[in-house]
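Inspection log for the structure reproduced underneath, given as structure tokens.
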Amino acid sequence: MPDAIVAEGLSKTFNGTVKAVDTISFSVRQGEVYGFLGPNGAGKTTTLSMLTAVLGLTAGKATVDGLDVSRHPHELKQRIGLVFQESTADQDLTGRENLVLAAALFGVPLRDTPKRVNELLARLALADSADRLVKTYSGGMRRRLELAVGIIHSPRVLFLDEPTLGLDPQGRAGFWKIIGELRKDTGLTVFLTTHYLDEADGMCDRIAIIDHGKIVATGTPSELKDRVGGDVVTVRPLGDASALEPALRALPGVTGVASQDGTFRVKCPSGEALIPKVVGAATNLGLSLAGVSLRRPSLDEVFLEFTGREFREDEGPTATDRAVFMSRFQDARRGRR
Amino acid sequence: MNVRRWSALTKRELLKISRNPAAIVTSLMLPILYLVLFGQGFNFTSFLNTPGLTPAQKSQFLAQYLLGAPDYFSYFAAGMVGFVSVTATLFVGANVIFDKLFGSLKRTAASPASATDIFGARLVAGSIQPVGLAFLVLGLAILLGYAGLAGLHVSGSVTVVGVLEIVAAILILSLMFASLFLALGFSIDQPQTYFALVNAINLPVLLTSAALYPWGAMPSWLQGIASYNPITLAVEVLRINLFGGAYYPDPAWVYLLGLVGWAAAMFAIATLLTAKALAPKV
């Protein structure tokens, strides 16, 4: 089976100077959930916009479901589903009216429309509020309506741009439950962007970490974590413990020891099995320990490893954000757009 | 063009218009204020009713200044009916900008709907509504005469063809202005920029037309400009049918043809600008 999404050397430059996406290549297999993880302004949404024919490509080539995105934007739009970051439903229309409109736009056969609309309203727990104006909907209801609009035509590939931004944990869990059901029922391929590490970890089959417009690492969440080098056992001895370091290095399975302010960080594939050995080694040397703790690698550490920076979900605007904003501002002043 | 997409989008526009009565009230506000204030205070032909003037002098005056309308208010009210096409289509462009701000245009643009479907739906929905509103203003102008105020007197004999010509004139004028305002709406992102531009267009277009001025009182250079003004062309079709065409150089269909030319040109420009605005950003 050919891959659902193939990107080769994809680039996007704004105003001829700001490289929002810089020559990236990746592929997404059929039926896979593929996540683009990165901080704000890393180029996630720009990539998604190019793959969905919302933005033109500066360079490179991309195919989605076998269609070249530059050459067949119209056919592409018919085959893919797209859920935007923000709410795009018509506020002055009811949930049902929004879905009926989407059904017409995305070519759901007229005779199937009422059934499809009712089915989605029920599936997304919107049946009771179907005939209320969208402006009366809560944030969670709006997100579910966005998803319903995105999948009204049973697309083969679904693009989600920060789909759960602003939802509470319960709302996020509910959203992902529905995506899980859809995958099981229809074999849907999902491409999503997120800056929630736990979401990427729990929901994606594979992840690409993107920073400053470049992919810095790809793999399954566990592969990426393994690349960081397994578990970290932190040992805090009492008093002078300079003798402990060589003893720790000599323990079986230990791949590295780093010491800082009298604390040792011991890297190993399995931390649980190492802890009794650490305690044993300290006892043999006649040392007392203030504490031993085990940290399994999270994507946080993966991010740190590959980008050299801590992951911050609330980072301020990046250079790209500022450049895009300034170009819009200047265009608006000139009255061009 | 895809008929199903286009009709679904047209239905959406009509639903949105019907759920926003404030926009309808606002688009009627200006013409109504003109009728109940400006037109009442400015009805200078009332002095023709003073004793001493012969009927011949009176009709010569009316023919010279008002091209055969029975009084200034009637002449002017026909102008205001035409002006409704401008005040009512202005919201069509503003709605595009609000749909950009609220995200719903993003959804439509990402769908398989073509620029023609998206533009066409807004054009048709936005041009039907002013026809109804124009007839509302026409009815109101006539009724004012029965409420002790100056009112519109239909002095000609109105035929069925005449009514159809009036409908056509308002519809074509609305299509022209809806095209213009849609072109602006699709090309501009900020509501304040849009409204500033619309204000800069509205008044000059009204003031270079024959909607307000007695024709015979206009200097010839202004007459020259006004004869090509689309509002003038539509208003002349109204006046010919309401008051008789004896003093007009051409029959109503000539003015209708001129309007079609304006509408076609504006439609062509608007189609280009809309397609450009909805194409994937390079």
Side-chain angles (χ1 to χ4, degrees), chain A residues 12-14 46 49-50 52-58 69-70 73-94 97-98 100-110 113 133-135 142 146 149-150 152-153 159 328-329 331-337, chain B residues 2-23 95-118 121 184-197 200 273 276-282:
Chain A
K12 182 73 198 178
T13 308
F14 289 109
T46 306
S49 300
M50 287 193 281
T52 54
V54 171
L55 266 182
L57 278 59
T58 305
V69 299
S70 311
H74 191 79
E75 291 86 342
L76 176 77
K77 286 170 175 181
Q78 213 136 14
R79 285 204 219 167
I80 59 166
L82 174 54
V83 177
F84 290 103
Q85 266 179 46
E86 62 269 44
S87 183
T88 58
D90 248 305
Q91 310 272 319
D92 297 329
L93 264 52
T94 65
E97 284 165 349
N98 267 293
V100 171
L101 173 65
L105 292 181
F106 286 93
V108 176
L110 200 56
T113 296
L133 296 184
V134 172
K135 62 174 127 189
R142 281 175 201 223
E146 287 296 317
V149 168
I152 185 95
H153 53 307
F159 289 86
R328 284 189 189 147
F329 177 70
D331 285 349
R333 284 190 52 181
R334 291 187 209 116
R336 271 205 286 137
R337 283 199 297 122
Chain B
N2 174 306
V3 175
R4 181 154 176 236
R5 290 194 185 115
W6 170 80
S7 59
L9 287 168
T10 308
K11 190 181 164 196
R12 166 199 184 262
E13 290 305 311
L14 293 173
L15 270 175
K16 283 187 76 110
I17 291 171
S18 70
R19 285 181 192 160
N20 188 7
N95 284 342
V96 176
I97 295 178
F98 290 121
D99 284 348
K100 279 185 206 171
L101 294 177
F102 291 121
S104 56
L105 188 68
K106 200 172 171 180
R107 157 73 52 205
T108 322
S111 82
S114 65
T116 321
D117 297 333
I118 297 172
L184 293 179
F186 277 106
S187 316
I188 294 169
D189 287 339
Q190 303 296 326
Q192 55 272 41
T193 316
Y194 175 80
F195 284 111
L197 255 176
L273 289 176
K276 198 177 156 228
L278 289 172
K281 303 264 179 296
V282 182

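Since the structure is predicted, the reported quantities are computational estimates derived from the model, not experimental observations. Proteins get letters first, then strands, A, B, ... in listed order; numbering begins at 1 in each.
Heavy-atom distances place the side chain of E86(A), and not its backbone, under 4.5 Å from chain B. Heavy atoms closer than 4.5 Å to chain A are found in both the backbone and the side chain of L9(B). In this structure, chain B has heavy atoms under 4.5 Å from both the backbone and the side chain of L110(A). Interface remark: E97(A) contributes side-chain atoms only to the contact with chain B (heavy atom separation under 4.5 Å). Within the 4.5 angstrom heavy-atom criterion, no atom of T52(A) approaches chain B. Of the two parts of A277(B), neither the backbone nor the side chain holds a non-hydrogen atom closer than 4.5 Å to a non-hydrogen atom of chain A.
No donor-acceptor pair under 3.5 Å is formed between the side chain of R107(B) and the backbone N or O of T88(A). Using modelled atom types, no side-chain atom of S104(B) and backbone atom of K100(B) make a donor-acceptor pair closer than 3.5 Å.
No other option in K16(B), R4(B), R5(B) has as many heavy-atom pairs under 4.5 Å with chain A as R4(B). No other option in A279(B), S111(B), S114(B) has as many heavy-atom pairs under 4.5 Å with chain A as S111(B). Looking only at heavy-atom pairs under 4.5 Å with chain B, the residue among L55(A), D90(A), L82(A) that has the most is D90(A). For the set Q78(A), H153(A), Q91(A), E146(A), the entry with the most heavy-atom pairs within less than 4.5 Å of chain B is Q78(A).
The aromatic rings of F98(B) and F195(B) sit tilted, their planes meeting at an angle between 30° and 60°.
Residues V69(A) and M50(A) have side chains not in contact (no heavy-atom distance under 4.5 Å, counting atoms from C-beta outward). Contact annotation: the side chain of Y194(B) never approaches that of V96(B) to less than 4.5 Å [non-hydrogen atoms, C-beta and beyond].
Between D99(B) and R12(B) there is a salt bridge, since at least one side-chain N of the basic residue sits less than 4.0 Å from a carboxylate O of the acidic one.
Remark: K106(B) NZ is packed, more than 12 non-hydrogen atoms of other residues, nucleotides or ligands lying under 6.0 Å away.
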